[in-house]
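On a predicted model such as this, the values are computed, not experimentally measured, just so you know. In the text below, chain A, chain B and the rest are named by the order of the sequence lines, each starting its count at 1.
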Amino acid sequence: MSEAKQYKYIGTRSIRPDGFDKVTGRANYGADMSLPGMIWGKILRSPHAHAKIKSIDTTKAEALAGVLAIASYNDFPSVADEVVATGEGSSNLLDLANNILAKDKVLYHGHAILAIGARTAAIAEQALGLVEIEYEVLKPVLDVNDAMAADAPVLHDNMFTQGLAETPTKASNIAARQEFKMGDVEAGFAEADLIVERDFYTPTVHQGYIEPHACTARYDADGQSMLWCSTQGHFDVRASTAKLLSLNLNRLKVIASEIGGGFGGKTTVYLEPVALILSKKSGRPVKMIMDRDEVFKASGPGSATRNWVKIGAKKDGTITAMQALLHYEAGAFKGSPVMMGCMTAFTPYAVPNMYVEGYDVVVNKPKVAAYRAPGAPQAEYAAEMVVNEIADKLGIDPIDLRLQNAAKEGTQTIYGPKLKAVGLVECLEAAKNSPQYQEALKENQGRGVAAGFWFNVGGQSSVTLNMNPDGTGTIVEGSPDIGGSRASMQLMAAEELGMPAENLKPIIGDTENVAFSAGTGGSRTTFATGMAVIEAAQDVVRQLKERSAAVWNLTADQIEYAEGETFSGDNRMTVAEICAGAERTGGQITGRGNINARGAGPSFAVHLCDVEVDKDTGKVDVLRYTAVQDAGKAIHPSYVEGQLQGGAVQGIGWALNEEYVYSADGHMENAGFLDYRIPLASDLPMIDAIIVEVPNPFHPFGVRGVGESGIIPPLAATAYAVSQAIGLPITDLPCSPPNVLKVIQDNA
Amino acid sequence: MATVIFSGELEKLTGDIRTEISSTVYRDMVTELVARYPALSRQLLEEMAVAIDGVIIVDPLLEELLEDSEVHFLHFVAGG
Amino acid sequence: MAKIHVNTSINGEVVEFLCEPHETLLDVLRNDLQLTGTKEGCASGDCGACSVTVNDALVCSCLVLGVEAEGAEIGTIEGVSNKDQLHVIQQKFLEHAALQCGICTPGLVVSTKKLLEENPNPTEEQARYYLAGNLCRCTGYDKIIRAVMDAAETMRGAA
Ligand code: FES
Ligand code: FES
């Protein structure tokens, strides 16, 4: 355990090793790679939300000068109905292929149908306009309620609801049902003095990374095929792409470019297999970049949901039962994160009686992808809103009510195991003592509090630490750096080796120069890849001792190592000296850390939001915001704070403005940043970040992932603040001016 | 003897909420459970993650089970 | 379509290029001149990732045609540092960890430089409104604003 341990490098605010390139524009992102002879690929997308493709005629497009290749579903060599590992766990290969290029039915506005590779992007665009497609337009379903209606148009005539006592024989849009239970909710509600239940709605939202999906592919029949792309997991890109194109893994090299944001949205493939097919067919390298409207219409957003929550409590504030019914849109193919919603909804609470039922429902919208703590914000939003209402009705401070019922070490969770050491109580206390909580509110102002829980994951990470003859080292890791993680890797290696951080250079290896590593997601990188770095550094130390022992004619167990030096008695050698002489003691030194990390520690978050509402317009201003979160141990506090602040602001956007707007016939009507309005600098105050450190007992430095939990509490913290300011309940997001005004007017 | 606690979903197949097992590693536990409950398949269990004493393990094989260990099978997907 | 010959100056260097009449300045910079430091986030003037200066005016290069560069002076992120000597703004962005993924950073650095030329002593609110055209999805803007305010103070001290 690491408590009270003093660190030299960990916990400092070092300058990130990749920073210079990023502030000068030298860093190369997904769209920044060009190759000699390169052509451009563009995708033809469905103008309809739901339609059968009757025929496709590409004759005119093929005849256009400069068109070099056309790709369609039929170019996938063979697609089996099997499950493959992708960044989000796993996907059905048929669904994946069908989402990348539709086979015979389009399932959402913007669904890709075919791709054209041409000398310039302009020619490719022009050629797309020459393709003739005949559709049989079908009625779309755009909401879980419509999709679950008995007479709803069915998206997939081979989809039968899983998870029921008996699998139905009639196809429907309900992909699966899940259920989690603990104790006896009916008995729990019978004990309650107060029961509150409500229905909530959250809209489809997008991760909104500023960098669109982009890649450059070069197919090589000789087995040297290469993909350069912006992804959270290049090994996952390799796995999916190789599987779709029937390639052995060693015949496809995937290089992760610098990545301009992902938040879960870059954990799957859209363009990569298509670019490789176009390259194969044209014999030229191919670059593909999504336009912003394509990103909105056809890359995975986060699920829209309709959720019902019921909570009972005694007068003294003891919560006796919690129940929820969750409906999550999966988009066009099954696989919403509703299960994660079920597992997280009530986990901040130590309550013996819980019951959660969840439905995964397909609709004519893009297939959802992970979005920061996938599935948790929507369910926890509903739960936290009702908890706040209970606190108000009982006249108990909302933080005190949470403290009274808080999950802690040993609390039984609804999904099975008991919690290990967690920091919810510490976060609640920090929030209660924060400067913001002491501020008085004025007229038309309101305050919201909410908690959030996310598991965090571990998994496979591989690291090679190559020592150079001058005693410096290169850390080769396989986890794309999306928010400054190279700085953390550098600090952890420096701590372990007792040498200056700048002597250790972290880089992201491609799929050929480091072994398989799971993607950057699930808040795993600093935790799991960090553990691999620590192991690789320890491996180096072991070898440094062996080499010194050889020189001094001793055994390795007689050698000590500290602060970049080995020593034994009067003998002393620096790392630089050992590395410089490595050729005489057995060759150069490489440390290895190939692990499957266990023991990821959950991170709890507690947020406070103060708003002011203009009751004439419905406009909401965020006045003050505090984000508290348990980091276990903050390796680089600035980048931990950054995760807390960034998550908070994405959540504020979700609460206040962001939503996909569809016309009745299923056209997305706001596929741009002007109309899908993410928070601007001028919309926000400073975001106070408070890091709580309750060490994770399963990590050498106590690290917990921090990337995801921070997006969970802002939905309820912000929406509840709005409801306090207007004195009326809020159930539906976003709290945009027209929606808030409607709540006010409906109750006037 | 370690204890396996079944979720509602698995309880439908086993008829038990909990059971004691003599195995001391995950690999043997699966064999033991499949032998005890014909409705359980090795594939079903191996596709699930496992939590041993509160630590979630996504792809277990050789994990040790202690005398008083508590084991839960659960579905688990990665994050974002 | 015949390409058009354009004479311009980029970061103080004389540059000539040929471009299609419909090509944006952003595409010319990125695809024809390999100046990929200027980023594309939307191509519709909504994100600011493509911010450059044209004759001292801060513009979205995705909304300017390549041919409009004729006779103009263009400033891009590649011209902000003095070779390996970072500009104070760049240094402050690093010190304050004002970037996570960094895709918004070139645009923000270019915009901030213009802000501080126009107003060396902005209030936090003025900075927030001036930079409202530069979207950042990662940071929540807190550290960006701190970096900008610190850079302003340092530059005033040096002036
Ligand atoms: S790319 Fe020009 S403003 Fe977004
Ligand atoms: S740092 Fe990623 S968008 Fe600003």
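Identified by a heavy-atom distance below 4.5 Å to chain A, the contributing residues of residues 30-47 of chain C are Arg30(C), Asn31(C), Thr36(C), Gly37(C), Lys39(C), Glu40(C), Gly41(C), Cys42(C), Asp46(C), Cys47(C), in residue-number order.
Ring-plane geometry between Phe673(A) and Phe296(A) is classed as perpendicular, the angle between the planes exceeding 60 degrees on a 0 to 90 degree scale with a lower cut at 30. Below 30°, between 30° and 60°, or above 60°: for Tyr625(A) and His607(A) the angle between ring planes is above 60°, a perpendicular geometry.
Looking at Ala31(A), both its backbone and its side chain come within 4.5 Å of chain C, counting heavy atoms on both sides. For a residue to count as touching a neighbouring chain, one of its non-hydrogen atoms must lie under 4.5 Å from one of that chain's; by this rule Ala487(A) does not touch chain C. Interface remark: Glu23(C) contributes no atoms to any contact with chain A (heavy atom separation under 4.5 Å). Residue Phe93(C) touches chain A through its side chain alone, counting heavy-atom pairs closer than 4.5 Å. Of the two parts of Glu211(A), the backbone and the side chain both hold a non-hydrogen atom closer than 4.5 Å to a non-hydrogen atom of chain C. With a 4.5 angstrom heavy-atom cutoff, Ile259(A) touches chain C only via backbone atoms. Both the backbone and the side chain of Cys138(C) come within contact range of chain A, judged by heavy atoms closer than 4.5 Å.
When the candidates Ile210(A), Val649(A), Thr120(A) are compared by the number of heavy-atom contacts under 4.5 Å with chain C, Ile210(A) comes out ahead. Considering only heavy-atom pairs separated by less than 4.5 Å from chain C, the leading option among Gly653(A), Gly484(A), Gly261(A), Gly208(A) is Gly208(A). In terms of heavy-atom pairs under 4.5 Å with chain A, the best-connected choice from Leu86(C), Thr105(C), Asn134(C) is Leu86(C). Note on Gly642(A), Ala27(A), Ser14(A), Gly262(A): by heavy-atom pairs under 4.5 Å with chain C, the leading option is Gly642(A). Among Asp84(C), Ile144(C), Val109(C), Ile145(C), the residue with the largest count of heavy-atom pairs under 4.5 Å with chain A is Asp84(C). In terms of heavy-atom pairs under 4.5 angstrom with chain C, the leader among Glu258(A), Gln645(A), Gln207(A), Gln643(A) is Gln645(A).
The structure places CZ of Arg146(C) at 9.0 Å from NE2 of His96(C), a figure rounded to the nearest 0.5 Å. One finds the CE atom of Met33(A) at 10.5 Å from the SG atom of Cys229(A) (value rounded to the nearest 0.5 Å).
Contact check on Arg128(C) versus Asp683(A) returns no salt bridge, with no Lys/Arg side-chain nitrogen under 4.0 Å from an Asp/Glu carboxylate oxygen. Electrostatic pairing of Glu294(A) and Lys297(A) does not count as a salt bridge here, judged by no charged N lying under 4.0 Å from a carboxylate O. Using a cutoff of 4.0 Å between basic side-chain nitrogens and carboxylate oxygens, Asp688(A) and Arg624(A) are not scored as salt-bridged. With salt bridges taken as basic N to acidic carboxylate O contacts below 4.0 Å, one links Glu125(A) and Lys42(A). For Glu658(A) and Arg137(C), the salt-bridge test passes: some basic side-chain N is under 4.0 Å from an acidic carboxylate O.
The side-chain hydrogen bond (donor to acceptor under 3.5 Å, both in side chains) test with Glu641(A) singles out one residue from Gln629(A), Arg13(A), His636(A), and that residue is Arg13(A).
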Under the side chain to side chain donor-acceptor pair (under 3.5 Å) rule, what do Gln100(C) and Tyr639(A) come out as? Steps first, then yes or no, please. CA-CA 8 Å; Gln100(C) 285 176 30; Tyr639(A) 290 104; over 6 Å; no
Apply side chain to side chain donor-acceptor pair (under 3.5 Å) to residues Asn28(A) and Ser257(A) and explain how you reach the verdict. CA-CA 6 Å; Asn28(A) 290 314; Ser257(A) 70; over 6 Å; no
